[in-house]
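The structure appears below as structure tokens.
Positions are given from 1 along the sequence.
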Amino acid sequence: MDDPIPKPDQLVTPSPPLPPSRDLENQTGPQNSAAAGVVSNILRRWKREDFLKKASLALRALAFLFSFLAFIIMASNNHGDWKDFNKYEEYRYVLGIAILSTLYTGLQVLRQLHEIHTAREILPRRNLGIIDFSGDQIAAYLLISAASSAVPLTNRMREGADNIFTDSSAAAISIEFFAFFSLGLSAIVSGYKLSKQTYI
């Protein structure tokens, strides 16, 4: 006996094959790789900017310390008769520049600490970059100028008499050189930050 013909409702149609599942979390298409590259570039830039901020702060803090020490040593270098810094123009110049450098670096350190603490900049970034670069360079040039002008006088004095006055003068001049080196490095950092600055 022949098999009965199946009714239409008894027919089983094969279901179409399912599309291959995609791992949405681990996609590696060109769009995702480009996004990952952008994110890594942004993170790298943030780390570089953070490092430069800390380096600039440390260098200016050192310059402040050296300038303040040079100011204190030269201002107290008064031992009567010819051993008085105020009688020599070169030493007055050293003292004046040490005071200016102390004020400049002190204000810069306070500004940077305020910005780190509040996460807000006092002035627009473009203006700050120009002020930092120009200020560091001018202060560094003044420091090297003052220290260099007092070296010949101190050497002549030490040939005739080596005493507490000449030793204190030599110490103030040497410390001012250290302040110059610190601000010179800070000027390099400021110049690099200015060259890499974006205005968007």
Side-chain angles (χ1 to χ4, degrees), residues 49-80 83-155 157 164-197:
E49 288 179 354
D50 186 55
F51 171 75
L52 291 174
K53 280 182 182 179
K54 290 177 180 176
S56 178
L57 176 60
L59 289 169
R60 286 185 179 136
L62 280 175
F64 170 77
L65 177 63
F66 291 139
S67 300
F68 183 70
L69 285 174
F71 157 58
I72 293 296
I73 292 171
M74 188 56 79
S76 61
N77 196 15
N78 187 354
H79 305 283
K83 294 180 282 189
D84 182 359
F85 83 91
N86 206 31
K87 293 183 177 180
Y88 305 95
E89 184 179 353
E90 294 88 341
Y91 291 158
R92 291 199 304 270
Y93 185 33
V94 168
L95 178 64
I97 297 305
I99 293 171
L100 284 176
S101 178
T102 301
L103 292 174
Y104 168 74
T105 52
L107 289 174
Q108 285 282 44
V109 167
L110 288 176
R111 175 187 65 82
Q112 286 184 277
L113 288 174
H114 176 267
E115 288 176 358
I116 290 172
H117 181 68
T118 62
R120 295 179 61 186
E121 294 179 339
I122 297 174
L123 296 172
R125 181 170 292 189
R126 179 172 184 170
N127 295 343
L128 278 178
I130 294 170
I131 290 170
D132 287 348
F133 182 59
S134 303
D136 288 350
Q137 279 201 92
I138 292 170
Y141 289 145
L142 288 173
L143 283 167
I144 194 66
S145 170
S148 299
S149 70
V151 166
L153 174 64
T154 306
N155 286 340
M157 285 185 175
I164 189 172
F165 177 71
T166 56
D167 289 345
S168 297
S169 302
I173 293 166
S174 300
I175 292 173
E176 216 161 84
F177 274 115
F178 285 124
F180 158 74
F181 287 127
S182 300
L183 269 181
L185 290 174
S186 179
I188 293 172
V189 173
S190 301
Y192 178 79
K193 286 165 64 176
L194 189 62
S195 68
K196 296 293 183 182
Q197 205 164 339

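- Heavy-atom minimum distance, Ala150 versus Glu90: CA-CB, 4.0 Å.
- Across every non-hydrogen atom of Leu194 and Ile130, the tightest pair is CD1-N, 3.9 Å.
- Not a single ring pair (Phe, Tyr, Trp, His ring centres under 6.0 Å) links Phe71 to another residue, sequence neighbours left out.
- With sequence neighbours excluded, the residues satisfying side chain to side chain contact (heavy atoms under 4.5 Å, CB included) with Phe180 are Ala140, Leu143, Ile144.
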Determine all donor-acceptor pairs shorter than 3.5 Å in which one atom belongs to a side chain in residues 96-103; sequence neighbours excluded.
unit_1	atom_1	unit_2	atom_2	d
Ser101	OG	Ser67	OG	2.6
Thr102	OG1	Ser67	O	3.4
Thr102	OG1	Phe68	N	3.3
Thr102	OG1	Ala98	O	2.7

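- Counting all heavy atoms, side chain and backbone alike, Ile73 lies closest to Ala172 at CG2-CB, 4.0 Å.
- One distance of note links CG of Leu62 with CG of Leu185; it measures 9.5 Å at 0.5 Å rounding.
- Note that CE of Met157 and CG of Asn155 are 11.0 Å apart. Values are rounded to the nearest 0.5 Å.
- For the pair Gln137 and Ser186, the minimum side-chain heavy-atom distance is 4.5 Å or more.
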Q | Step-by-step side-chain contact (heavy atoms from CB on, under 4.5 Å) determination, Thr154 to Tyr91 | A | CA-CA 9 Å; Thr154 306; Tyr91 291 158; 2.7 Å; yes

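- Partners of Lys53 under the salt bridge (charged side-chain N to carboxylate O under 4.0 Å, His left out) rule, at least two apart in sequence or in another chain, do not exist in this structure.
- A distance of 12.0 Å separates CG in Leu183 from OH in Tyr141, rounded to the nearest 0.5 Å.
- Scanning for salt bridge (charged side-chain N to carboxylate O under 4.0 Å, His left out) contacts around Glu89 gives an empty result, with sequence neighbours left out.
- With sequence neighbours left out, Ser174 forms a side chain to side chain contact (heavy atoms under 4.5 Å, CB included) with no residue at all.
- In this structure Phe177 satisfies the ring pair (Phe, Tyr, Trp, His ring centres under 6.0 Å) test with no other residue, sequence neighbours excluded.
- Taking the side chain to side chain contact (heavy atoms under 4.5 Å, CB included) definition, one finds that Asp167 meets it with Arg158, Asp162, sequence neighbours left out.
- With sequence neighbours left out, the side chain to side chain contact (heavy atoms under 4.5 Å, CB included) criterion links Asp84 to Asn78, Asn86, Lys87.
- Considering only heavy atoms from C-beta on, Ser182 comes within 4.5 Å of Phe66 through its side chain.
- Atoms CD1 and CG, on Ile72 and Asn77 in that order, are 12.5 Å from each other to the nearest 0.5 Å.
- For residues 94-121, no pair satisfies ring-ring contact (aromatic ring centres under 6.0 Å, His included), with sequence neighbours left out.
- Rounding to the nearest 0.5 Å places CD1 of Ile116 at 8.0 Å from NZ of Lys54.
- Minimum interatomic distance between Ala70 and Glu176 (heavy atoms only, all atoms of both residues): CB-OE2, 4.0 Å.
- When side chains are defined from C-beta on, Leu57 counts as touching Leu113, because their heavy atoms get closer than 4.5 Å.
- The NZ atom of Lys193 lies 4.5 Å from the OG atom of Ser56; values are rounded to the nearest 0.5 Å.
- When all heavy atoms of Met74 and Ser169 are compared, the pair lying nearest together is CE-CA, 4.2 Å.
- Residue pairs meeting the salt bridge (charged side-chain N to carboxylate O under 4.0 Å, His left out) criterion with at least one partner in residues 98-118, sequence neighbours excluded, are Arg111-Glu115, Arg111-Asp132.
- Residue-environment remark: OH (Tyr93) exceeds the threshold of 12 foreign heavy atoms within 6.0 Å.
- Counting only residues at least two apart or on different chains, no salt bridge (charged side-chain N to carboxylate O under 4.0 Å, His left out) pair has a member in residues 94-108.
- Between Tyr88 and Phe165, the ring-plane angle classifies as tilted under the 30° and 60° cut-offs.
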